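Working notes for the structure below.
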There are 2 protein chains.
Amino acid sequence: MRKDNRLPRVLHVLIHLDRHDKLMTSGKIAKMLDTNPVVVRRIMSGLRNKGYVSSSKGAGGGWQLQSQLNEISLYDVHMALGEPELLSLGSGDNPNCLVEQSVDIALKTIMTDIDIILKEKLRNIKVSDIASDFDLRLEEYNNSKPMT
Amino acid sequence: MRKDNRLPRVLHVLIHLDRHDKLMTSGKIAKMLDTNPVVVRRIMSGLRNKGYVSSSKGAGGGWQLQSQLNEISLYDVHMALGEPELLSLGSGDNPNCLVEQSVDIALKTIMTDIDIILKEKLRNIKVSDIASDFDLRLEEYNNSKPMT
DNA sequence: ATTATTGTAACTTTTATTATTACATGATAA
DNA sequence: TTATCATGTAATAATAAAAGTTACAATAAT
């Protein structure tokens, strides 16, 4: 199945808006993500609706953070993206046959459990956690290239 | 994303072969699954390679079980299908930027954990468990339609 | 006014699954 | 042995969701 890349992309943007350019146009973000400005507006619109970011039109406009990164969990971002389905295991949905019913219930039970665990994990990670990890990496990177 | 329905379909077939028709042609299975005989052969071929079922050509041919359902876990079936990806959350895979690295690692860690838990769950369910659940449902169904 | 920028609709491309068509191969039976 | 039934498989089309593109309206700054 085709993988959904909206979550990683949006996280990238949020951290970038916090650590680097406080205001970025869709075009600039698009170049960073190697995509199209319209795609950027599309995936960012859900975050704007939730108030995590704002966008302004006209010259000098663009995207800005409106929340602290430690106030936004990966679950929040996931929900802002419209809660896209992250599991690609289907279950028949064909209640004709009793065999199918048993199969579907078994698989749906697994999938529901997994979905709960996944969302728990997403809730337990704040965007700021990832940003802190980035800070560490940046420090390591700078140490590996000493100026002397 | 489009969901993968091979696992539920194959489970349906295995239980049907055990509880009902010991030998079924691809055509008959296709009607049961509301699909095409070629699709049936395709999704069943992995199970044949693992020895869980056999297929025979010619008149009177078709598919037959070669294992006990309690010897086959959902994980076994999943592997026989070629271990299709059940998670549709991507992670950038673009190691250019340090921000991206942190995002990717965070998401990949989650996905790896989830994948392990999912496979554990699949391993803990035998096809016979689902067949037993079917037996219960069948009994309930029969009780709900008394003959008197 | 002109230019920069977002908002959005419409359309195309991509990618994985599923479905279909066509035909070769093998097995049974008349 | 020939007709028929069934699988095996390659090639191709349909489908669905995400991603990409184009076009243009709306709005804000200079």
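All figures in this text were calculated on a predicted structure; none of them were measured in a lab. Convention: sequence-line order gives letters A, B, ...; per-chain numbering from 1.
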- Query: Taking atom P of C/dT5 as reference, at what distance in whole Å does atom CZ of A/Arg48 sit?
  - Reply: 17 Å
- Query: Rounded to the nearest Å, what distance is computed from the CG atom of residue A/Leu86 to the C1' atom of nucleotide D/dA18?
  - Reply: 13 Å
- Task: State plainly whether one hydrophobic cluster holds both B/Leu138 and B/Leu136, where clusters connect Ile, Leu, Val, Met, Phe, Trp and Tyr through side-chain heavy atoms under 4.5 angstrom apart.
- Result: no
- Message: Just to be sure I understand the rule, does B/Arg42 reach a base, reach only the sugar-phosphate, or reach nothing, if contact means heavy atoms closer than 4.0 Å?
- Response: base
- Which letter, B, S or -, goes with each nucleotide of nucleotides 23-30 of chain C from 5' to 3', with contact meaning a protein heavy atom under 4.0 Å? --BBBS--
- Message: Taking the minimum atom-to-atom distance to the side chain of B/Val39, which one of D/dT7, C/dA19, D/dG20 wins?
- Response: C/dA19
- Task: Ignoring backbone atoms, test whether B/Thr35 places a side-chain nitrogen or oxygen under 4.0 Å from the OP1 or OP2 oxygen of C/dT18.
- Result: no
- Item | Below 4.0 Å: OP1/OP2 of D/dG8 and any side-chain N or O of B/Ser55 | yes
- For residues 73-84 of chain B, which residues have at least one heavy atom under 4.0 Å from DNA chain C? none
- Query: According to the salt bridge (charged side-chain N to carboxylate O under 4.0 Å, His left out) rule, which pairs have a member within residues 124-135 of chain A, sequence neighbours left out?
  - Reply: A/Arg19-A/Asp135, A/Asp133-A/Arg137
- Message: Just the rounded figure in Å: distance from P of D/dT15 to CG of B/Asn5.
- Response: 16 Å
- Item | Heavy-atom check, side chain of B/Ile125 versus side chain of A/Ile110, under 4.5 Å | yes
- Does B/Arg9 place a side-chain N or O at less than 4.0 Å from the phosphate oxygens OP1/OP2 of C/dA19? yes
- Task: In plain terms, say whether B/Glu100 and A/Arg9 are close enough for a salt bridge, that is, a side-chain N and a carboxylate O under 4.0 Å apart.
- Result: no
- Message: Is A/Arg41 close enough to C/dT6 that one of its side-chain N or O atoms is under 4.0 Å from OP1 or OP2 there?
- Response: yes
- Can you tell me how far C1' of D/dT15 sits from NZ of B/Lys3, to the nearest Å? 17 Å
Under 3.5 Å, which donor-acceptor pairs do the side chains of residues 40-49 of chain B form with other protein atoms, sequence neighbours left out?
unit_1  : atom_1 : unit_2  : atom_2 : d
B/Arg41 : NE     : B/Ser26 : OG     : 3.3
B/Ser45 : OG     : B/Arg42 : O      : 3.0
B/Arg48 : NH1    : B/Ser55 : OG     : 3.1
B/Asn49 : ND2    : B/Ser45 : O      : 3.4

- When every non-hydrogen atom of B/Pro84 is compared with those of B/Asp4, the smallest separation belongs to CB-OD2, 3.4 Å
- Taking OP1 and OP2 of D/dA19, is either one under 4.0 Å from a side-chain nitrogen or oxygen of A/Arg6? yes
- Task: Scan residues 16-50 of chain B for pairs that pass ring pair (Phe, Tyr, Trp, His ring centres under 6.0 Å), counting only residues two or more places apart or in two chains.
- Result: B/His16-B/His20, B/His20-B/Phe134
- Residues pairing under ring pair (Phe, Tyr, Trp, His ring centres under 6.0 Å) where one sits in residues 42-70 of chain B, two or more places apart or in two chains, turn out to be none
- Task: Name the closest nucleotide to the B/Val38 side chain, picking from C/dG7, C/dT18, C/dT21.
- Result: C/dT21
- Does a side-chain heavy-atom distance below 4.5 Å link A/Leu14 with A/Ile130? no
- Note on the structure: In whole angstroms, the gap separating P of C/dA16 from CG of B/Leu89 amounts to 16 Å
- Between C/dT6, D/dG20, D/dT7, which nucleotide has the shortest distance from any of its atoms to the side chain of B/Trp63? D/dT7
- Query: Do the charged groups of A/Lys50 and A/Asp76 touch, with an N to O distance under 4.0 Å?
  - Reply: no
- Given atom CG of B/Leu87 and atom P of C/dA16, what is their separation to the nearest angstrom? 15 Å
- Could you tell me the separation between the CD1 atom of B/Ile43 and the C1' atom of C/dA19, rounded to a whole number of Å? 12 Å
- Between P of D/dA6 and NZ of B/Lys31, the distance in whole Å: 10 Å
